[in-house]
Protein chains: 2
Amino acid sequence: MPTIKEAIAKSGLKDGMTISFHHHLREGDFVFNQVMEVIREMKIKDLTLAPSSLTNTMNEMVIACIKDGTVTHITSSGMRGSLGEFISHGGMKNPVILRSHGNRPRAIESGELKIDVAFLGVPTSDDYGNANAIYGKSVFGSLGYAKVDAQYANKVVLLTDHLVPYPNTPVSIAQTQVDYVVEVDAIGDPNKIGAGATRFTKNPKELKIAEMVKEVIVHSPYFKNGFSFQTGTGGAALAVTRYLSEEMKEKDIKASFALGGITTPTVELLEKGLVEKVLDVQDFDRGAAEGMAKFEKQQEIDASYYADPSNKGAVVNKLDVAILSALEIDTHFNVNVMTGSDGVLRGAIGGHQDAATAKLTIISAPLVRGRIPTVVKDVTTLITPGESIDVLVTEVGIAIHPNRQDLAAIFRKIPQIPVFTIEELQQKAEQIVGVPEPLLFTERVVAYVEYRDGSILDIVRQVKPIEE
Amino acid sequence: MPTIKEAIAKSGLKDGMTISFHHHLREGDFVFNQVMEVIREMKIKDLTLAPSSLTNTMNEMVIACIKDGTVTHITSSGMRGSLGEFISHGGMKNPVILRSHGNRPRAIESGELKIDVAFLGVPTSDDYGNANAIYGKSVFGSLGYAKVDAQYANKVVLLTDHLVPYPNTPVSIAQTQVDYVVEVDAIGDPNKIGAGATRFTKNPKELKIAEMVKEVIVHSPYFKNGFSFQTGTGGAALAVTRYLSEEMKEKDIKASFALGGITTPTVELLEKGLVEKVLDVQDFDRGAAEGMAKFEKQQEIDASYYADPSNKGAVVNKLDVAILSALEIDTHFNVNVMTGSDGVLRGAIGGHQDAATAKLTIISAPLVRGRIPTVVKDVTTLITPGESIDVLVTEVGIAIHPNRQDLAAIFRKIPQIPVFTIEELQQKAEQIVGVPEPLLFTERVVAYVEYRDGSILDIVRQVKPIEE
């Protein structure tokens with residue numbers, strides 16, 4: 001199709017339908033704003049927006065679309081910044097539905113979430129819709145989230161800034177799934193995929209936590225040849241990966257696979273032969289994105305394969321060690337990665353609920369952040385149930401879930417791992433920052449949090465305006 | 001699962017269900033007989049057998065299964081040898097349904113053909129069902145037909161003779177689609193995949209036909225940079241590939257892709273840079289099978305991608321030149337590749353109907369075979385409608401479909417291409433071998449031939465016993 005507008009017209013997009021996007025380009029995404037601008041021009045209203053997630057670069061457009069009635073429903077992995085503020089202050093009539101990266105394909109496959117038109121940015125495609133994200137000018141590596149949309153959406157529109165002769169290979173998204181291809185000037189800025197998430201930390205507190213996470217893993221019964229892990233992003237996670245790789249080299253231990261959103265340090269483990277395979281649903285920086293073209297053992301997987309609890313076998317079922325973050329963790333080990341200390345939406349479920357099914361799930365988090373406690377009596381919003389969590393690691397020591405007496409018996413004998421009860425850690429946090437004022441909410445629900453199986457886990461209410 | 005029997009029991013296979021197999025290992029397949037033997041032992045009856053095709057090595061087992069009531073319905077691409085004889089002589093009560101390689105995925109995707117349990121042999125798998133056919137001891141390259149079964153069958157059982165640590169990559173069949181994995185001693189003998197189909201011919205008649213096919217292609221308007229082709233197997237097809245490659249080299253013409261069942265000479269074109277990509281649904285010899293591990297540009301495609309007329313875009317829609325064979329071709333250019341001169345089933349539709357949608361479809365066939373005419377007044381069984389065929393090439397000259405006056409205008413000017421009407425060629429054949437006795441059939445239908453869109457194209461009747 002010569003233009004986005006003609007592709008939208010051909011797709012049959014109408015008032016009330018559901019549209020989707022992927023967020024692989026993260027803060028460098030140009031696709032969402034381009035497409036939504038045209039949809040607004042075409043005055044199509046009352047859409048359900050169902051992207052794999054929403055990034056800050058999309059916020060102003062989403063808010064504009066809500067205000068003018070273009071978008072009236074949203075389901076996403078999360079939302080941050082101005083959009084989170086807008087929704088939390090009651091900016092949209094209908095509550096948002098928040099789903100994990102594994103829950104989304106489950107909802108799509110089951111028919112709960114029916115996508116009418118998917119708009120998918122791809123770094124390279126031919127005119128028949130064979131696409132991949134490993135060649136072109138806006139390489140982002142894995143098309144993991146987008147592949148599910150391509151397979152299930154009624155109509156699929158590809159946007160590419162690098163049209164190549166037929167047939168384009170390797171085939172990540174196949175011609176059999178694609179209705180229209182539009183060439184655009186740019187689908188994104190791949191330099192902004194990472195957006196600071198992949199700098200190695202120099203923060204002593206973060207390094208201390210990373211060191212202790214490493215100790216927990218290394219002394220756990222899972223640290224042996226063929227173990228598997230998911231680390232995630234952020235400075236502390238990268239530090240964990242580095243410390244872990246040193247131990248693996250020293251003890252001659254090889255991992256069978258590393259999973260998840262992939263960063264350059266993980267791909268380096270593959271290069272060094274310290275992990276056998278990388279299973280890649282999303283890349284968090286240029287190095288990781290470019291790895292897929294270089295390494296056969298960096299295998300692209302889709303979001304269903306990654307984490308869908310209802311298919312015949314997701315990778316998270318095979319995961320030994322997961323290192324996850326938390327905005328809050330409470331004395332029941334329940335974790336909140338969605339709402340801030342002010343009750344405002346400022347996070348994303350991502351794969352948190354999904355990876356937390358690992359045999360050893362570690363929450364890596366500081367006791368407090370500035371004047372805000374991380375370890376609390378009750379989380380503001382329940383995202384991942386405490387039963388999924390095995391160990392909390394903070395800069396002062398760890399807490400072990402009461403269900404894991406086996407781990408407690410081990411770690412209590414390791415001098416470099418101070419073990420506390422979760423209540424003790426909560427009290428330590430309280431000693432530092434005091435007891436926060438209780439948050440005030442209205443009765444109105446602004447978001448539903450689903451668990452990965454589709455059940456409702458929690459609700460997020462509108463924050464009470466300060467002037468009341 | 002420790003044994004095939006336990007996997008079958010777990011799969012819930014019951015009387016009246018539909019089971020499937022792939023035929024990638026062709027005459028070297030050990031999977032079909034192993035599985036059917038166990039099913040017979042378990043006394044499961046009244047099954048519909050729905051493999052991608054049936055090869056001679058399966059024949060005796062199929063006949064035994066029909067005789068004891070294990071199998072009461074069959075749908076296949078074709079059948080040969082003793083099984084063809086058995087069916088054509090009325091050995092099974094219910095008519096066989098014959099479908100092309102593109103029609104089968106169409107029927108599966110539409111729900112017309114619902115597979116309850118698929119038994120799929122794979123040269124390598126992990127315990128969770130990630131499989132490919134490019135590594136292991138029984139490498140056969142593309143899993144093109146099997147991929148459709150893995151995706152749509154209710155239960156999927158993999159049989160492998162090379163179990164590898166999790167996670168096995170590259171992932172051709174994914175863990176998300178697999179229920180059970182069984183390790184067996186051997187899934188097949190990969191040396192028998194080719195079974196003589198890939199020897200370069202020394203037969204002067206075949207070489208003459210190949211030479212003329214080449215002339216037709218080279219003088220057609222489709223022979224230009226970026227053209228695409230499917231040649232097929234058999235000595236004459238390989239000769240065409242060789243002759244064509246010489247012309248391509250001389251005229252500095254590169255093909256965009258070669259399609260179909262792939263042979264070593266096609267992979268060599270890729271190596272030489274004479275074709276940009278190979279789209280590979282099936283490999284016909286060891287060299288082709290091993291190519292997929294070596295060449296990124298030898299892309300595995302599934303049968304739907306190859307030829308399904310109902311998906312969003314099959315490769316055959318993009319095909320410029322197809323060279324196909326015929327047991328019979330009649331004066332309406334209708335082609336029979338299914339029944340012999342005795343009316344007995346001895347062929348397979350394969351991709352014949354599908355590839356015949358190419359812009360230039362050439363039937364390459366001798367005027368007569370021994371005392372049997374190839375060019376006839378009316379085909380015994382209609383497999384591919386004459387409207388799909390553009391040119392018939394024989395050793396004495398070519399005939400052009402009346403719809404293609406554009407081609408006639410070109411070829412009549414080429415001295416090395418003698419042009420006849422199809423009636424003239426039929427008469428030449430008749431002059432050589434005379435008029436065959438008309439075949440005698442009973443009223444009983446033994447097979448339905450579907451067109452690629454699922455409509456009934458023809459029926460095959462039981463041959464009349466000679467003693468009547």
Side-chain angles (χ1 to χ4, degrees), chain A residues 105 109 126-130 132 134-135 147-148 150-151 154-156 164-171 174-181 225-226 228 254 256-259 275-280 293 295-308 310-315 317-318, chain B residues 105 109 126-130 132 134-135 148 150-151 153-156 164-171 174-181 225-226 228 254 256-259 275-280 293 295-308 310-315 317-318:
Chain A
E109 289 168 9
D126 59 40
D127 64 351
Y128 223 39
N130 295 298
N132 67 58
I134 69 171
Y135 298 121
K147 280 165 77 79
V148 177
Q151 193 181 345
N154 189 24
K155 298 286 177 183
V156 174
V164 296
Y166 184 88
N168 187 29
T169 65
V171 177
Q175 61 182 39
T176 51
Q177 304 173 330
V178 176
D179 295 275
Y180 308 106
V181 180
N225 248 327
S228 59
K254 262 191 181 184
S256 56
F257 68 89
L259 176 64
V275 310
E276 279 290 331
K277 306 282 170 82
V278 169
L279 299 179
D280 187 345
F295 306 112
E296 196 198 61
K297 291 181 173 182
Q298 187 174 345
Q299 169 77 43
E300 181 182 50
I301 61 172
D302 66 37
S304 173
Y305 188 110
Y306 168 48
D308 178 350
S310 74
N311 67 22
K312 291 181 180 178
V315 191
N317 308 349
K318 288 278 204 177
Chain B
E109 289 169 9
D126 59 39
D127 63 352
Y128 223 39
N130 295 298
N132 67 58
I134 70 171
Y135 298 121
V148 178
Q151 195 181 343
N154 189 26
K155 298 286 176 182
V156 174
V164 297
Y166 184 89
N168 188 26
T169 64
V171 177
Q175 61 182 38
T176 51
Q177 304 172 331
V178 176
D179 295 276
Y180 307 105
V181 180
N225 249 327
S228 59
K254 262 192 181 183
S256 56
F257 68 89
L259 176 64
V275 310
E276 279 290 332
K277 305 280 170 82
V278 169
L279 300 179
D280 187 346
F295 306 112
E296 196 198 59
K297 291 182 173 181
Q298 186 175 343
Q299 169 78 43
E300 181 182 52
I301 61 172
D302 66 37
S304 173
Y305 188 110
Y306 169 49
D308 178 351
S310 74
N311 67 24
K312 291 181 181 179
V315 191
N317 307 350
K318 289 277 203 177

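The structure presented is a predicted model; accordingly, all values stated were derived computationally and were not measured.
- Ranked by heavy-atom pairs under 4.5 Å with chain B, the list A/S228, A/A314, A/P165, A/S304 is led by A/A314.
- Side chain of B/Q177 to backbone of A/K312: no donor-acceptor contact under 3.5 angstrom is found.
- If you measure heavy-atom distances from B/D126 to chain A, you find no contacts under 4.5 Å at all.
- Residues B/Y128 and B/V181 come closest through the heavy atom pair C-CG2, 4.4 Å.
- Contact annotation for B/Q151: only side-chain heavy atoms (C-beta onward) come within less than 4.5 Å of a heavy atom of chain A.
- Contact count against chain A (heavy-atom pairs under 4.5 Å) is highest for B/P167 among B/S256, B/G129, B/P167.
- Contacts of B/I301 with chain A are absent, with no heavy-atom separation under 4.5 Å from either backbone or side chain.
- Counting heavy-atom pairs closer than 4.5 Å to chain A, the top residue among B/D179, B/T169, B/V178, B/N317 is B/T169.
- Taking all atoms of both residues into account, the shortest heavy-atom contact from B/Y305 to A/T176 is CA-CG2, 3.5 Å.
- Comparing B/E296, B/K297, B/Q299 by how many heavy-atom pairs each has under 4.5 Å with chain A, the most go to B/Q299.
- Residues A/Q175 and B/G313 approach most closely at NE2-O, 2.8 Å, considering heavy atoms.
- Between chain B and the options A/N130, A/V156, A/D302, A/D308, heavy-atom pairs under 4.5 Å are most frequent for A/N130.
- Taking the ring axis of A/F257 as reference, the NZ or CZ atom of A/K318 does not stay both within 45° of it and closer than 6.0 Å to the ring centre.
- A pairwise comparison of heavy atoms in A/V171 and A/N168 identifies CG2-O, 3.5 Å as the closest pair.
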